[in-house]
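Each remark here refers to the structure printed beneath this line.
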Amino acid sequence: MAKDCIGEPMIHIRDLSVGFTGRSGRTLPVLRNINLDVRPGESVGLVGESGSGKSTLALAAMGYLKRGLRVIGGNARFSGQDMFALSRQELEQVRGGRLALIPQNSGQSLTPTLKIGAQLAEALRLHSALAEAEHPDRVIRLLEQVRLPDPATIIHRYPHELSGGQQQRVAIAMALAGEPEALLLDEPTTGLDVTTQAHILELLRDLARETGMAMVYVSHDLGAIARVCDRVAVMYAGEIVLEGSARQVLMDPLHPYARGLLASIPKLSDARLPMALDGRPPAPGGAGDGCAFVDRCGLASDICRTMRPALDIVKGDSHVRCHHHDKTSSLPSHAAVDVSPRSVNEDVTLLHLTDLSISYAKSNLLDQILKRPGNAVRTVDGINIRLAKGETLGLVGESGSGKSTILKAVAGLLPPAGGAITLAGDGVLPALVDNRRPDQLRRVQLIFQNPDESLNPRQTIAEILAQPLKLYFGLSGEALQLRTEELLDKVRLGAHYMDRLPSQLSGGEKQRVAVARAFAAEPELVLCDEVTSALDVSVQAAVLGLLDELRRMQDTAYIFVSHDLAVVRALSDRVAVLYQGRLCEIGPAASVYAAPAHPYTEVLLGAVLEPDPDWRPTLTAEDMVELSPPAKGCPFQRRCPRKLGAICDTDMPPWRERENGHVSRCHISVDDG
């Protein structure tokens, strides 16, 4: 616990149980007998798989429950007030100001028709005591705090003009606008790149300790939890199974489930795929009389099936709910799948991007009449990439570097400003999806970063998965039913999800449905845009294993966009590094990670977090992401820690080749590197 976490708890939850009424009329618990305290200046992390109750608990702390849920027993207090006893007007006086929330999906917290500056000004008007004349300066300072480039330009943009990571930073700025006493964070850094995440976590950590702000931090990212949290509570099947200091929980976990989660994390230094936990959590109400984890536990015995373990103090201030906590150290601390070497037919090119350029800027009227390109700097420029059949290419770079933009262009959702996209057997693809044939659409599938953008909220999961199965394969009746169940099983859901709506699923569960729908088309190329960012580490490991399995079985190729460089390392054959829409390094994953040739790649790898409270990322305090590249010279010149001099300002660097196809675009020679 931080040294200044003293006094009465800011958030005080006692014996809280939350549930819903099932079809049988029986009350099914989602949270069971939760006890949690968070003191001023303290940060408490909530971790666990999707559906474990983390987000439900965080929202309950502010007196909010999703539709259909109700309090079965207990209470949740903030500054002594029972949040479920307050009137709507009283809640409005607390929420957003004294008690703020940063949601998992930043797009849901931003108004699409209002510019960013106006939304931040509205947050200040509602939740701060600042005079209106002070709002403009405060808005700029907030955007600077969350490391958004060129705030004077950002304030005039609409949410859809920002990348997912930039939207998330705006949501964080809005939550900080009222200088809250307590902050609830539901996967706040999910869409952030490694450097921005590291800086944001430093900001949140410092704010908590300097201002006495209490924080409840919900996350699948145990590296982020290690960096910002004093204590950690591990949740499983709606109850806390382990609670203690971050160091105790993450370095010497006393519960088999916590140890399994840590073992599922991909390692930056290990190219092998992580191994997922076997099985899945019980459905609400299905835990039985014994331990909820019994069917997945390597230490289970008869007592585990008949008696629910109590949450007891066992070491220091650690609480654990396990009959065999003294044997947990015998379980593996890291599990990886030893897979056969991947065979990529480099002679068969599936996709070829030739001088691909993309611009969001609109041409003026004269440019349109003369059919000439405008003068605006292109978002993506000069991309040349060949993707072999069955190959996985990892595409990495900070938020706004053009990764998702490239995927959208390949999928036909965004017309290129120049260059060509060629698919084997089809030649140059039509620029827009509306002009592509059904067989071309089937061959290339896109999985979005935010599943809410692609899942129809009015359709059941069965109806969502049925669309590609009917369209591309004409399935119906029993064949359709069986194939749908098979897809759900592959992404570790189950047939009982078929009748649910997306709104009844957690963020991770919705992403798994989106993955299943893409695979339903049996594509040759899957464009993965942060597909594991919303998944807990165990399900992430399962999805990575599924992606690898499908590639081996069907020679499926992937362009895999992710901010998690360890995930990219586990899955990718080659890695391409983007900065400001320009390629700066590309090569075999093993070579790029072991010996990065470009200073920007070094910066990215240095910011990677580990699930270790003593780990310190390599950060430069004054480093700031830019909104656009310079007009000439190296795109990375303003931020480069190894800048050579004037040549970097004036001349575009040459491509320099190492070995095994590893190339980088930098004035620093291979010998100097």
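The two residues P613 and R616 come nearest to each other via the heavy atoms O-NH1, 2.9 Å. Nearest approach of A516 to L487, heavy atoms of both residues: O-CD2, 3.8 Å. Heavy-atom minimum distance, L604 versus G397: CD1-CA, 4.2 Å. Residues R658 and P596 come closest through the heavy atom pair NH2-O, 4.0 Å. The nearest pair of heavy atoms linking I447 to V526 is CD1-CG1, 3.8 Å. The two atoms that bring L250 and A226 nearest to each other are CD1-CB, 3.5 Å, heavy atoms only.
The side-chain heavy atoms of L583 and R665, taken from C-beta on, include no pair separated by under 4.5 Å. Residues Q445 and L527 form no side-chain contact, since every pair of their non-hydrogen atoms from C-beta on lies 4.5 Å or further apart. In this structure, the side chains of V228 and M215 come closer than 4.5 Å at one or more pairs of heavy atoms. Counting heavy atoms from C-beta on, the side chains of T196 and Q168 never come closer than 4.5 Å. Side-chain atoms of Q166 and L148, non-hydrogen and from C-beta on, do get closer than 4.5 Å to each other. The closest side-chain heavy-atom distance from L423 to R443 is below 4.5 Å. Within the 4.5 Å cutoff, the side chain of P611 has heavy atoms near those of the L262 side chain. Contact annotation: the side chain of T422 never approaches that of L351 to less than 4.5 Å [non-hydrogen atoms, C-beta and beyond].
Not counting sequence neighbours, the partners of H220 by the side-chain hydrogen bond (donor to acceptor under 3.5 Å, both in side chains) test are E187. Residues meeting the ring-ring contact (aromatic ring centres under 6.0 Å, His included) test with F560, sequence neighbours left out: none. Partners of Y558 according to the ring-ring contact (aromatic ring centres under 6.0 Å, His included) rule, which considers only residues two or more places apart in sequence or in another chain, do not exist here. For F448, the ring-ring contact (aromatic ring centres under 6.0 Å, His included) criterion is met by no residue, not counting sequence neighbours. With sequence neighbours excluded, the residues satisfying side-chain hydrogen bond (donor to acceptor under 3.5 Å, both in side chains) with D536 are S50.
With salt bridges taken as basic N to acidic carboxylate O contacts below 4.0 Å, none links D612 and R247. The pair K643-D649 counts as a salt bridge, with a side-chain nitrogen and a carboxylate oxygen less than 4.0 angstrom apart. One finds no salt bridge joining K403 and E530 here, because no Lys/Arg side-chain nitrogen approaches an Asp/Glu carboxylate oxygen to under 4.0 Å.
Between the side chain of R169 and the main chain of Q167, no donor-acceptor pair closer than 3.5 Å is present. When atom types are taken as modelled, the side chain of H598 and the backbone of I586 share no donor-acceptor pair closer than 3.5 angstrom. No donor-acceptor pair under 3.5 Å is formed between the side chain of R147 and the backbone N or O of I200. A side-chain donor-acceptor contact under 3.5 Å links E391 to the backbone of A388. The backbone N or O of L493 sits less than 3.5 Å from a side-chain atom of R280, completing a donor-acceptor pair. In terms of modelled atom types and a separation under 3.5 Å, the side chain of R259 and the main chain of L331 share a donor-acceptor contact. With hydrogens and angles disregarded, a donor-acceptor distance shorter than 3.5 Å links the side chain of S538 to the backbone of L277. In this structure a side-chain-to-backbone donor-acceptor pair under 3.5 Å is missing from D555 to G390. A donor-acceptor pair under 3.5 Å is absent between the side-chain atoms of D651 and the main chain of P653, judged by distance alone. A distance-only check finds a donor-acceptor pair linking the side chain of K54 to the backbone of E49 [under 3.5 Å].
A donor-acceptor contact closer than 3.5 angstrom links the side chains of R296 and Y236. Checking E585 against Y600 by side-chain atom types alone, no donor-acceptor pair falls below 3.5 Å. Between N660 and S591, the side chains place no donor N or O within less than 3.5 Å of an acceptor N or O (distance only, hydrogens not considered). A donor atom on one side chain and an acceptor atom on the other are not found under 3.5 Å apart for R551 and T556. No side-chain donor from either of H662 and E657 sits under 3.5 Å from a side-chain acceptor of the other.
Surrounding CH2 of W655 are more than 12 heavy atoms belonging to other residues, nucleotides or ligands, all under 6.0 Å away.
Atom CD of E549 is separated from atom CG of L547 by 10.0 Å, given to the nearest 0.5 angstrom. Atoms CG and OG, from L46 and S219 in turn, are 10.0 Å apart once rounded to the nearest 0.5 Å. In this structure, the separation between OH on Y217 and CG on D186 is 10.5 Å, given to the nearest 0.5 Å.
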I would like to know whether V218 and L185 meet side chain to side chain contact (heavy atoms under 4.5 Å, CB included); could you show each step before the answer? CA-CA 6 Å; V218 175; L185 307 100; over 6 Å; no

Test side-chain hydrogen bond (donor to acceptor under 3.5 Å, both in side chains) applied to T195 and D193, step by step: CA-CA 6 Å; T195 54; D193 53 75; 2.8 Å; yes

Please walk me through it: do R656 and S664 pass side-chain hydrogen bond (donor to acceptor under 3.5 Å, both in side chains)? CA-CA 5 Å; R656 298 183 183 275; S664 64; over 6 Å; no

Between L578 and V396, does a side chain to side chain contact (heavy atoms under 4.5 Å, CB included) hold up when you go through it step by step? CA-CA 6 Å; L578 278 170; V396 303; over 6 Å; no

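Applying the side-chain hydrogen bond (donor to acceptor under 3.5 Å, both in side chains) rule to pairs touching residues 629-638 yields E626-R638, sequence neighbours excluded.
A side chain to side chain contact (heavy atoms under 4.5 Å, CB included) with L387 is found for exactly one of L353, L393, T392, namely L393.
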